[in-house]
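Before any comments, here is the structure.
Remember, it's 1-based here, ligands and their atoms both numbered in the order they're listed. All residue numbers in this chain count up from 1 along the given sequence.
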Amino acid sequence: MTENTGGEAGEVVHDYGGLEAYVTGSRHAGCCVILVSDYYGFRAPKLRQIADKVAYSGYYVVVPELLFGDPYTDDPARPFEEWIKTHSPVEAAEKTKPLIAALKKDGMSSIGVGGYCWGGKVAVELSKTKETQAVAIMHPALVVVGDMNEVKRPIQILGGEFDTISPPKLVHQFEDALDQNRAVDHSVKIFPDAPHGFACRYNSSDPFAVKTAEEARVNMVKWFDKYVKY
Ligand SMILES: *[C@@H]1O[C@H](CO)[C@@H](O)[C@H](O)[C@H]1NC(C)=O
């Protein structure tokens, strides 16, 4: 069952491995990118634009709904500390596994995961398994240095100079830990003048912000071209 989404190349499917998802691109691609949203959810129009552009680069792209209709809303009555109790990214990663299985059944033999903010932690959890080929995380949240010791797949980290959630200092600690974890290739970049959210939640009237977000997407696609495309 599908629904029209208006202005987007893809469509929303209601059950893909048990998850609602925005899907875009050709299944014949054989290689797939799963994009995991930030905590504001999978409906963000910009995220779908990114998904469509990644699809034009030759991937089948899936944006799963992992917040189950309950995104974070900046409502002071429900602070982040409360919200996160029912939205564990570790559990979300578990719930992504049946989707990965369904994708493989549909002929996707190579899968990359790109995660933004909250979704960055989901991607990192998935990188600890061998179910995916590579991951990319953009301005991650909730990721800790110890996670990097457990990563088993090539990982790209795109941070922002002005990100207060994963500031450059923390991103460099991730990098140091990855240098110790010789099992995985990694690539780390800090985008100058970029705030948290720069890759998926930017001001479209600000040419610099648009350019930075584009660059982040291009970097992610290059990473997946190296490890996911064949
Ligand atoms: C977005 O960018 C434009 C152009 O730089 C600026 O005038 C506007 O104030 C910005 N909006 C927000 C919400 O920051």
Side-chain angles (χ1 to χ4, degrees), residues 4-10 12 20-22 24 33-57 61 63-84 86-87 89 92 113-124 136-143 156-172 174 187-224:
N4 290 328
T5 48
E8 297 156 359
V12 171
E20 188 179 3
Y22 176 74
T24 182
V33 170
I34 298 173
L35 293 179
V36 185
S37 76
D38 61 9
Y39 56 34
Y40 295 111
F42 92 127
R43 294 187 189 281
K46 283 196 178 95
L47 189 58
R48 293 188 179 187
Q49 286 161 17
I50 294 167
D52 287 346
K53 286 178 180 169
V54 175
Y56 295 141
S57 306
V61 184
V63 188
E65 157 63 311
L66 288 165
L67 303 176
F68 303 96
D70 186 32
Y72 181 66
T73 56
D74 290 326
D75 177 359
R78 196 186 184 202
F80 178 75
E81 296 70 31
E82 279 303 312
W83 178 87
I84 193 69
T86 50
H87 296 86
V113 181
Y116 301 87
C117 174
W118 178 91
K121 175 67 173 174
V122 177
V124 164
I137 62 175
M138 281 62 70
H139 42 77
L142 305 160
V143 176
Q156 179 183 61
I157 305 177
L158 304 180
E161 185 187 4
F162 298 144
D163 184 355
T164 51
I165 294 178
S166 288
K169 187 173 169 227
L170 179 60
V171 172
H172 288 306
F174 294 159
S187 154
V188 174
K189 183 167 170 176
I190 305 285
F191 286 72
D193 293 322
H196 185 73
F198 70 90
C200 69
R201 197 165 293 284
Y202 50 92
N203 176 355
S204 8
S205 316
D206 176 347
F208 178 79
V210 172
K211 187 173 152 284
T212 304
E214 287 271 311
E215 215 177 300
R217 174 178 50 78
V218 168
N219 272 260
M220 175 179 75
V221 168
K222 277 189 186 152
W223 188 248
F224 291 147

Item to check | Mutual orientation of the aromatic rings belonging to F198 and F191 [parallel < 30°, tilted 30-60°, perpendicular > 60°] | outcome: tilted
Checklist entry - Under 4.5 Å between any side-chain heavy atoms of R48 and V63, yes or no? => result no
Checklist entry - Tell me, do H196 and D38 make a side-chain contact under 4.5 Å, heavy atoms counted? => result no
Checklist entry - Hey, is atom 11 (N) of ligand 1 touched by any protein heavy atom at less than 4.0 Å? => result yes
Item to check | atom 14 (O) of ligand 1 touched by protein heavy atom at under 4.0 Å | outcome: yes
Next on the checklist: Please report the interatomic distance CH2(W118) to CG(L67), rounded to the nearest 0.5 Å.
Outcome noted: 4.5 Å
Next on the checklist: What protein heavy atom lies closest to atom 1 (C) of ligand 1? Include the residue and the distance to one decimal.
Outcome noted: N203 ND2, 1.4 Å
Checklist entry - Where is the nearest protein heavy atom to atom 4 (C) of ligand 1: which residue, which atom, and how far? => result S205 O, 3.4 Å
